[in-house]
Amino acid sequence: MDLQKLAGALLSSDAVNGLSKRSGASTTEVKKVLSQALPALLGGADTQAKGADTAEGFAAALSSHAKSNTSDLSGFLGNVDLEDGAKILGHLLGNNTADTTKTIAKKAGVSGSKTTSILAAAAPLLMSLLGQQADEDDDKDSGVGTLIGTLLSNVDVGALLVDLLTDNDSGKKKKSSC
């Protein structure tokens, strides 16, 4: 599994534009929210994948979401079920969903309602991408917890997001990748 590929897909111009349209937030606001939220969402996925009481259900959810066609991100995000997204957030963030969302909104400088809408639309996409990567992984004998752990191992998610959002050589925003 490749965290850079996953984050790149979530922060692609198609995904950001689709999330912007779906949530009513600007593309800049979407990028800010996602860059703040991705570490928490991936941490929640890791917790779900490794939990004795949650691993089986999480694996089934990933498998189900992997079947979603994400080749047309605009179409996918235009039809995303926000109620399903809110439920996914509840699973990934647990009892801390409201507090985490509030913290993300504050750090991103985006209203709480826009942040909630962005995250509810992004959560099914995240699950689809994680599920697809799990399906593509060559090591089919590994559990989902191992796959997510591999995805997150030895990766500084914050540094990866900064790298994806900026051009390290000049410090300027990339024009084409996000």
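Taking CG of L126 as the start and CG of L92 as the end, the distance is 6.5 Å to the nearest 0.5 Å. Rounded to the nearest 0.5 angstrom, L125 CG and L34 CG are separated by 9.0 Å. For the atom pair OG1 of T47 and CZ of F58, the computed distance is 9.5 Å after rounding to the nearest 0.5 Å. Atom CG of residue N96 and atom CG of residue L89 lie 12.5 Å apart, to the nearest 0.5 angstrom. Atom CD1 in I118 sits 13.0 Å away from atom CZ in R22 (nearest 0.5 Å). Between Q133 atom CD and L6 atom CG the span is 5.0 Å, to the nearest 0.5 Å.
Counting heavy atoms from C-beta on, the side chains of L10 and V16 never come closer than 4.5 Å. Taking the side chain as every heavy atom from C-beta outward, V80 and L82 approach each other to under 4.5 Å. Contact of the L77 side chain with the K21 side chain is not registered, since no non-hydrogen atoms from C-beta on lie closer than 4.5 Å.
Within the 3.5 Å criterion, the main-chain N or O of A60 finds no donor-acceptor partner in the side chain of S64. The backbone N or O of S68 sits nowhere less than 3.5 Å from a side-chain atom of S128 that would complete a donor-acceptor pair. N17 places a side-chain N or O within donor-acceptor distance of the main-chain N or O of S13, the cut-off being under 3.5 Å. Listed for the T103 side chain is a donor-acceptor partner under 3.5 Å among the backbone atoms of D99. Checking side-chain atoms of T101 against main-chain N and O of A98 turns up no donor-acceptor pair under 3.5 Å.
Scored by the side chain to side chain donor-acceptor pair (under 3.5 Å) test, K32 finds no partners at all (sequence neighbours excluded).
Nearest approach of S20 to S26, heavy atoms of both residues: OG-C, 3.7 Å. Taking all atoms of both residues into account, the shortest heavy-atom contact from G112 to A105 is CA-CB, 4.0 Å. Taking all atoms of both residues into account, the shortest heavy-atom contact from P124 to A121 is CD-O, 3.4 Å. Contact between L73 and S12 at its shortest, heavy atoms only, is CD1-OG, 3.6 Å.
Pairs engaging residues 70-93 under the side chain to side chain donor-acceptor pair (under 3.5 Å) rule: N69-S71, T70-Q132 [sequence neighbours left out]. Within the structure, side chain to side chain donor-acceptor pair (under 3.5 Å) pairs that include any residue of residues 114-124 comprise E29-K114 (at least two apart or interchain).
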